[in-house]
Amino acid sequence: MDFSEIPEFLIKKINSGEKPYIAVRESYLRLLLELCKHRKKPIIGKIAGTLQELAIQLIQSNFYNPRIMTEQERLFIVRNAIKKAGIPLWKSSAYIEIIDNRIRELKEHNISTEMLKICSKKIKGNLSKKIKKTAEILSNYNFGIETYRKYDIFSLFEEAKNKEPPYTEIILFFIPQILPLEIDFLNSLNIPITVLTFKDNNSIFTKLSRENLKLVKNWKIIEVKPCETALNFSFKPEKNIEEIELIETSYVTESEGIKLVALFIKKLLADGIPPEKIAVAGRSLEGKEILFYEAFREMKIPLFSQYKGIPVNLHPAVKKFLSSIEKTEEKLLTNWCISLKKFVENENAEEELIKELEILNREIEALTELNIIEKNKLSGVEFLELLKILTKSRTFLISEEEPFGVFIGTPENIPSSLATHIILFDFSSGSYPRSFPFDPDFSYQEREEINRVLNLDNPILEALPGRKKLIMYEFQTFYNILATKPDQIIFTYHKDKGSSTFLSILKTYTKVKEENQRFNTKNAERIISIYRNKSQPESPIEWGIIRWKEKLEGAKEMNFIFNTKLISRYLPKNLSVTDIISYFDCPTEFFFTKIIKYPKTPTIEAIEGQIYHEFIRRYFNEKKEPEALFEEIFEEMTKDADIPHIEYHKPFIRDNILKFVSIWKPITKNFEQEKPLKISINNSLSLSGRADWIRKNNGKFNIIDFKRSNVNTGDYNPGKVKSFQIILYGLSLIDDNIVKVVKQKKHKNINFTFISIPKAHKKNNPKTWIKSFSGENITREIMATITWILTGHSLIKKGFFPPLKINPYKPGSKYICNLSLKASRTCPYSNTLSDEIKEKFKETIKKIFKIHYENLWKTD
């Protein structure tokens, strides 16, 4: 039987009058949806779910509703167990999670307190003491569970043993590992058990499956034929196969990676792939739901998430409450939680979030009454530490979720999602296979010793699973994904971590398409090949590339890697303010686009911003119908743009701009748009620019700059790089020589405003999409801005192009010249500079800044 035949196999069982229960590891709704589509009619009754849900169902058959613990309740019981054992780290949320993981391992593998005590007697030295202490913690935990009178995920299975299920058969649907605790539970039910598993390929990648099946008794095993790519998957593949389309691409930042995923999905949807056939899988996606949620909503992608909601601690109202906490303030934990709920209510947050906090309050009160939580007051610092426990795995629901949306979840759930197009997010060598979990009390060797003493020869039975077991689990999980024979798998990974072990192996016997990286265009091929030692340099600028590489690799000569004459020969005569700002963001990119003059690959974000600006310029002049004008501008600005999938962004770009102009109603008197400007800094530098929107009223100028990003962040504060442009433009409205404007204190007559176009329509509240500041209050920031622009130009002329972002001036610093150097997200070449060289660079920049500052602002 092939994997594609599984739905029909299950439907035949259902149609024959049998009543199977299909057990999956986590999310079953997508599988149920697919069965209904194949069957062409609904399925009555519960036929699928997790083994935990089955256990709850069996307990409920006794005519009472079992009370199941939340993550918070269990973690507080773990915390109390550590405290009772006399361990000083009981207040550390990080240590509590480490102990919680250890308790999970022991309970999942049916390791009792008595077994640990016996083990401690057979081992001598410090390890024996550590095992005894673990036995004590486990005993305290078990007592806490009994005291609280709620089922944790482990006692749930124990209580449900020997119950009679209302099913004719239980089918385990490609579960990577069946835990000993679950095996005992299933064997007690006296009902046929069928295991759907892929036939293994006799390699380490499927060893876990073989070990699983050794433990089962009288279970029916159905080995499903995997695809050829999976059967060939090993460290020594037998032949070359091109059965599945495989694509790899990398990203520099997490948000960029999520946007990349959304773009791939847009392309698939445009190609006619139904959203329910697309899945995104990755480790540690929990906590990133809000990023996926926002990206999907922006691009109008339907979403179906395994995680069911957005983390409570990511909500703006919760963040605002946390930032308002005084460190010295003291309250009981119950009162802290009540204050949090009231604050969120006053912020008019979503009803779902408030309900979630109500449930949390009830849990904390119950735990306090039973003395599981101490009744003493906590400082603000202590509460913030406990909040990591309070909000762990606690989410509020998202209303947009729908079963026909793109699935987002863990790799284990990909087979049950029945997806044909799979995007593996952050499939990096840093995550796959997983490294050994950090445990300060038990080393890898000590875990092996414990397992040896307990005579646990099967890895699945390990009391404290080691690295080998975890790697086996990851191998089996990926093998299961591969074996389903999807039409396409897209690997996305963080550039700094590199691609995964799995992708490396696949590359040895399959054809993997690599997405082009930035700057790797036909026009730039020669310069790139020189950088990569594939071609010999000929011109002075090409020799500059070699000199640059030598500097990156540790050459000890001057900080500057090109001489002034060489740079002057290639530098454009008319630089704009935007050019200097782009230099700060990535000197390397400036070098390629302005010195070598290879055009920068256009991005969707850049085109989107251009469309916004052009629309506003023409909308208030041409008086055309907004919908028709948008169509006209979009066609004009994208027809020659070599950007894949730009059409898929069109609906939300249109939605943003149309809603913006319907809300923003400017006073259209005494205003100018797209005004060309000339900016002079004494006799040192002349730059060009173009202001978006200017209005003069009662002798005061108000200058407006439209942005496609959120302006209500620290990045747009006066004195930060993103404010440089609007400050210089505003000063030049009074006089070309902007230094003169400041010295004569005429900058007090200017108001500066940023407006975020995409944010404007979310709430009709200017606080969310407008940021304004007056020249009267930012004299120091204005002086620093002018000095930094002059400094940036000096660095360019001297040939200073490190692969780093220069982040100048931090408001609030006691020093007017402060900066950081860090890797730039726009630079495709890795930063290889030592900390020593970085410090030299910083000191050089500060020295140039100081010289300019003293020359510009010295008193006459």
Side-chain angles (χ1 to χ4, degrees), residues 1-28 30-39 43 46-51 53-54 165 167-180 182-203 205-233 243 411-420 458 460 472-473 475-486:
M1 179 166 33
D2 290 330
F3 182 73
S4 60
E5 299 173 280
I6 294 295
E8 288 301 326
F9 165 75
L10 295 174
I11 288 165
K12 281 182 182 177
K13 281 187 172 289
I14 296 166
N15 290 344
S16 67
E18 294 182 39
K19 196 176 180 186
Y21 182 87
I22 307 164
V24 297
R25 184 47 77 203
E26 288 192 57
S27 182
Y28 68 91
R30 290 293 291 273
L31 175 61
L32 199 60
L33 172 67
E34 199 64 27
L35 294 179
C36 289
K37 283 169 65 179
H38 276 74
R39 193 170 182 245
I43 296 170
K46 184 75 177 281
I47 69 148
T50 64
L51 288 173
E53 287 172 318
L54 174 62
Y167 301 105
T168 56
E169 178 186 13
I170 295 172
I171 300 172
L172 304 183
F173 194 93
F174 300 97
I175 295 175
Q177 179 192 356
I178 314 165
L179 297 165
E182 296 168 336
I183 291 173
D184 284 357
F185 162 63
L186 291 169
N187 282 334
S188 76
L189 300 181
N190 195 27
I191 184 176
I193 310 290
T194 298
V195 182
L196 286 176
T197 185
F198 285 111
K199 181 180 179 182
D200 76 70
N201 65 357
N202 297 313
S203 74
F205 299 94
T206 52
K207 185 178 179 182
L208 188 72
S209 178
R210 294 194 292 278
E211 300 296 338
N212 263 329
L213 300 182
K214 284 181 187 176
L215 299 178
V216 303
K217 298 175 183 176
N218 304 316
W219 291 10
K220 182 181 179 183
I221 312 296
I222 298 179
E223 289 193 322
V224 177
K225 182 183 176 183
C227 68
E228 287 295 313
T229 309
L231 282 174
N232 207 33
F233 189 60
E243 189 178 29
E412 290 88 339
N413 292 303
I414 293 303
S416 61
S417 74
L418 300 178
T420 57
N458 187 313
I460 293 176
M472 282 169 52
Y473 180 80
F475 282 163
Q476 183 67 55
T477 303
F478 181 74
Y479 180 83
N480 284 0
I481 293 173
L482 203 60
T484 63
K485 195 183 176 181

Can you name the side-chain hydrogen bond (donor to acceptor under 3.5 Å, both in side chains) partners of T168, sequence neighbours left out? none

For I22, all residues meeting side-chain contact (heavy atoms from CB on, under 4.5 Å), sequence neighbours excluded: L10, L31, L35, I47, A48, F173

All salt bridge (charged side-chain N to carboxylate O under 4.0 Å, His left out) counterparts of E243, not counting sequence neighbours: K485

Quick one: list whatever passes side-chain hydrogen bond (donor to acceptor under 3.5 Å, both in side chains) with E182, sequence neighbours left out. R25

Looking at Y21 and L172, would you say the former's side chain and the latter's main chain have a donor-acceptor pair under 3.5 Å? no

Can you list every salt bridge (charged side-chain N to carboxylate O under 4.0 Å, His left out) pair that touches residues 191-202, not counting sequence neighbours? D200-R210

Applying side-chain contact (heavy atoms from CB on, under 4.5 Å) to S416 and N413, what does each step give before you reach the verdict? CA-CA 5 Å; S416 61; N413 292 303; 4.1 Å; yes

For K12, what residues pass the side-chain contact (heavy atoms from CB on, under 4.5 Å) criterion, not counting sequence neighbours? none

Y479/F205 under ring pair (Phe, Tyr, Trp, His ring centres under 6.0 Å): CA gap, chis, key distance, verdict: CA-CA 7 Å; Y479 180 83; F205 299 94; 8.1 Å; no

Under the salt bridge (charged side-chain N to carboxylate O under 4.0 Å, His left out) test, residues paired with E53 that sit two or more places apart: none

Quick check for you: to the nearest 0.5 Å, what is the distance between N201 atom CG and F233 atom CZ? 8.5 Å

Counting only pairs under 3.5 Å, give me each side-chain donor-acceptor contact of residues 1-9, with atom names and distances, residues two or more places apart or in other chains.
from : atom 1 : to : atom 2 : distance (Å)
E5   : OE1    : D2 : N      : 2.6

Going by the rule side-chain contact (heavy atoms from CB on, under 4.5 Å), which residues pair with N15 if we only count those two or more places apart in sequence or in a different chain? I11, R39

T477 and E412 have their tightest heavy-atom pair at CG2-N, 3.7 Å

With sequence neighbours left out, write down each residue that passes salt bridge (charged side-chain N to carboxylate O under 4.0 Å, His left out) with E228, or none if nothing qualifies. K239

Sequence neighbours excluded and cut-off under 3.5 Å, please list the side-chain donor-acceptor pairs for residues 183-197, or say none.
from : atom 1 : to   : atom 2 : distance (Å)
D184 : OD2    : N110 : ND2    : 2.6
N187 : OD1    : W219 : NE1    : 2.8
N187 : ND2    : I183 : O      : 3.3
S188 : OG     : N162 : N      : 3.0
S188 : OG     : F185 : O      : 2.7
T194 : OG1    : E169 : OE2    : 2.3
T197 : OG1    : S209 : OG     : 3.4

From T206 atom OG1 to N202 atom CG, the distance as rounded to the nearest 0.5 Å: 6.5 Å

Of all heavy-atom pairs linking I481 and T484, the shortest is O-OG1, 2.7 Å

A419: what forms a side-chain contact (heavy atoms from CB on, under 4.5 Å) with it, not counting sequence neighbours? A279, S417, I422

Quick check: does any side chain N or O of N480 sit under 3.5 Å from a backbone N or O of I175, one acting as donor and the other as acceptor? no

On a heavy-atom basis, the closest approach of G49 and Y28 is CA-CD2, 3.6 Å

Residue K225 excluded, over 12 heavy atoms near NZ under 6.0 Å: no

Rounded to the nearest 0.5 Å, what's the gap from NZ on K13 to CD1 on I171? Could you check? 5.0 Å

